[in-house]
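Shown next, in structure tokens, is the structure this report addresses.
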Amino acid sequence: MTGREETTGSRTDRADGPSDGRAAGQSSAALVAALADARDLPDAPGRLVALERVAERADAAGDVRSAVDARFALIEAYLLHGERWRLIEPLRRCRAAADRWPALLTDAEAELLPRYQRYAVEALLGTPRVGLDQTRLLLDDLAHRVGADGPDAPTVAELRCRVADHLGDEPTARHFYQAWAGTRPGPAGGCPGCAPARRAELLAGWGEWQAARVELEASGTEAQECTDQPERALVAGLLPLLRVGEPEQAAAAHVRAYRRHRRERSAFPYLATHLRFCALGGHLERGLGILTEQLPRLDRPTDDLAAMEFAAAGALVCALADEAGLGDRTVHRPAYAERPAAELDVATLGALLLGLATDLAGSFDARNGTGHQSGRMAAWLAERPAAAAVPLPADDDPGDEPSDEPSDEAGADEAGADEAGPEAGADEAGPEAGAADAEPGADAASEREVMALTIDMITSTLDRRGDRYLVDDGGTVVGRWGAAVIQFRRAGERGEVLHTRAMAARRLPTARRAEAYAFCNAWNHDRLLPKAYAHDLDTEIVLAGDVATDLTHGVAPAQLLVLVDAAIATGVAYAEAVADLP
């Protein structure tokens, strides 16, 4: 369930609008029930189909309120599944309804709609399945609604800049860049902390290496509050640092950022830059190891642009490795759909990746009416090392290969860990493995040193895992792992208890209260962690679980890592079991 369901009651009480009452917010009880049932389905294609059917039924019945509710739920589902290209039609329908009946939307919906419109425009950049004229109409409409001096004027300038750059119209892109640079995004503009990274990526694409570096260095405190930072900014600075002659800083940035990006599905678009760094920084062995580890993700990319760039960067790594005499190395390509598993030599894999990148670039160019994407990928493949290789710093992430030159076997092992997910990878390596690999001395001893639990210890543990999180004003650490939202806090009179609470993203309607209690009872009967319970919020039921560990006598960092790993693994398992409920 989402926050949208929390306002369902208030919507059905509206009295303003057209005379038939339904478009004014008085939804059909049958459609409200059907929509609730569709929202309650597990996150899978069947849920999308059910939401689409509710929207069609609402259109046929003239129930505008239910149609808008269903399409907002559809938009959220498409975003969750990484299908921004499918936003355009439900967005257009919601816009049309809101323009016809201005009082139809809640304040929250009115704020969300411009943000969804931005997402729909950005879909053009990620896939050729969105029409160029369609996107331009959406962008012009957003610009008209925002106005020349509105708070989202910088957002419109950014979108015009990025679309022009995607089409290869650099003069127009630079023109709109000037209107965007140095501004703060408006309500629809996305994360302020990521804006400098987006600008740096554009500047780097234009060969403005020093300007890109300056842009990243000028980012303020907002970047520190963003859950994607600092890793996104570190990736944006990899190639500029190489080009301005600072390979040591680039190496440190790569190691730190990849520690996190290697496991996050949403970080797939950044992997191309990691591969290009390895190719252009002279770290071909590591590049082959990363390519081996991440190759399975190419079968399920976040979008077509990310797949194209990953394939092109991987082809570059293979080409340079072949030139360096590593062409006889083999890379395991796992089975997918009807494709059997295979052991491919570097030259063969490079040719396959080049073919994929070329095909995708051609699809973009056919839609755009330019040859820019094909030319950009060709330019990537023509690049050669920009600096002499420097040693990579040691990576202290448990389970990661710290060497500058990971072997093929290490890459294959890591790929298996990635398929099982971050929790499985942590279980296999474990904190003890990290301690065993550490140099003897103070660092190894500090891993076993018992000390009082602090919030800094919790966040440091999550940093070692490469997790994203926020710390609220009350000192509670909050993050999202798959289907679970998990909180860590200190409890007890002296803060000596590590209290972990996992909440399932899926929520149940109150009509299923008895079923929720039965599920929790069965979980508690069969499993030790977490302790499950149902929290009734009148309109819906939150299924949560707690784990509390008394650390009166202190805890060592290595021990805390075990506790955090276990809490996250069991919390995710609990949330997934909730998501799988019929």
Side-chain angles (χ1 to χ4, degrees), residues 2-5 7-8 10-28 30-32 34-35 38-39 48-80 83-124 127 129-147 150-153 155-156 159-160 163 186-189:
T2 66
R4 194 151 328 286
E5 296 173 13
T7 60
T8 300
S10 62
R11 292 173 180 168
T12 58
D13 294 335
R14 287 180 178 269
D16 50 344
S19 57
D20 64 3
R22 291 201 174 181
Q26 297 178 2
S27 301
S28 157
L31 285 170
V32 169
L35 180 56
R39 282 172 164 157
L48 300 176
V49 172
L51 289 170
E52 290 166 353
R53 286 175 178 169
V54 172
E56 292 169 358
R57 285 178 56 193
D59 290 339
D63 187 342
V64 180
R65 178 67 261 173
S66 291
V68 167
D69 285 346
R71 290 194 168 98
F72 265 94
L74 260 178
I75 289 172
E76 291 172 347
Y78 291 152
L79 290 173
L80 181 64
E83 297 178 323
R84 290 192 179 193
W85 60 276
R86 300 183 69 178
L87 299 187
I88 293 178
E89 181 59 21
L91 173 71
R92 185 187 67 79
R93 295 291 194 98
C94 290
R95 272 292 186 202
D99 288 343
R100 185 173 181 183
W101 297 289
L104 177 67
L105 300 185
T106 66
D107 291 341
E109 288 169 335
E111 291 178 4
L112 277 174
L113 210 53
R115 189 180 309 169
Y116 290 159
Q117 194 159 347
R118 172 176 70 86
Y119 294 157
V121 172
E122 288 176 332
L124 173 99
T127 178
R129 287 176 283 189
V130 176
L132 182 58
D133 291 340
Q134 196 176 30
T135 301
R136 283 173 169 158
L137 287 174
L138 276 174
L139 183 49
D140 289 344
D141 178 75
L142 182 62
H144 173 72
R145 295 174 188 277
V146 165
D152 269 315
T155 301
V156 173
L159 291 172
R160 292 199 185 281
V163 169

Discussion item. So, using side-chain hydrogen bond (donor to acceptor under 3.5 Å, both in side chains) as the criterion, who are the partners of R57 when residues are at least two apart?
Written reply: none

Worksheet entry | Atom pair CG/CD of L74 and E83 - distance to nearest 0.5 Å | 10.5 Å

Worksheet item: Is there side-chain contact between P114 and P187, with heavy atoms separated by less than 4.5 Å?
Response: no

Practice prompt. Check step by step if salt bridge (charged side-chain N to carboxylate O under 4.0 Å, His left out) holds for R93 and D59.
Written response: CA-CA 10 Å; R93 295 291 194 98; D59 290 339; 2.9 Å; yes

Practice prompt. Identify the two heavy atoms, one from L79 and one from Y116, that lie closest to each other, and give their separation to 0.1 Å.
Written response: CD1-CE2, 3.8 Å

Fill in: Residue of the set L113, L105, D107 for which side-chain contact (heavy atoms from CB on, under 4.5 Å) holds with E109
L105

Practice prompt. Under the side chain to side chain contact (heavy atoms under 4.5 Å, CB included) rule, collect the residues that match up with R100, sequence neighbours excluded.
Written response: none

Practice prompt. Locate the shortest heavy-atom distance separating A143 from R160; write the atom from each residue and the value.
Written response: CB-NH2, 3.5 Å

Practice prompt. Would you give the length of the straight line joining atom CG of D140 to atom OG1 of T135, rounded to the nearest 0.5 angstrom?
Written response: 10.5 Å

Worksheet item: V54 and side-chain contact (heavy atoms from CB on, under 4.5 Å): which partner among D69, L35, V32?
Response: L35

Worksheet item: At their closest point, which heavy atom of A97 faces which heavy atom of L104, and how far apart are they?
Response: CB-CD2, 3.8 Å

Worksheet, complete the sentence: Of all heavy-atom pairs linking L142 and L159, the shortest is CD2-CD1, 3.9 Å

Discussion item. Minimum heavy-atom separation for L51 and A38, please, with both atom names.
Written reply: CD2-CB, 3.7 Å

Worksheet entry | Between CZ on residue R118 and CG on residue D152, distance to nearest 0.5 Å | 9.0 Å

Practice prompt. Determine, for R92 against E89, whether the closest basic-nitrogen to carboxylate-oxygen distance falls under 4.0 angstrom.
Written response: yes

Item to complete: Apply the side-chain contact (heavy atoms from CB on, under 4.5 Å) test between R86 and each candidate in L91, L48, V130; give the one that qualifies.
Response: L48

Practice prompt. State whether the number of non-hydrogen atoms from other residues, nucleotides or ligands found under 6.0 Å of R129 atom CZ is greater than 12.
Written response: yes

Discussion item. I need the minimum non-hydrogen distance between G186 and T155, along with the two atoms involved.
Written reply: N-OG1, 3.7 Å

Discussion item. Quick test of your reading of the model: are D99 and R145 salt-bridged, counting only N-O distances below 4.0 Å?
Written reply: yes

Response to the item:
Rounded to the nearest 0.5 Å, the CD1 atom of I88 sits from the CD atom of Q117 at a distance of 10.0 Å

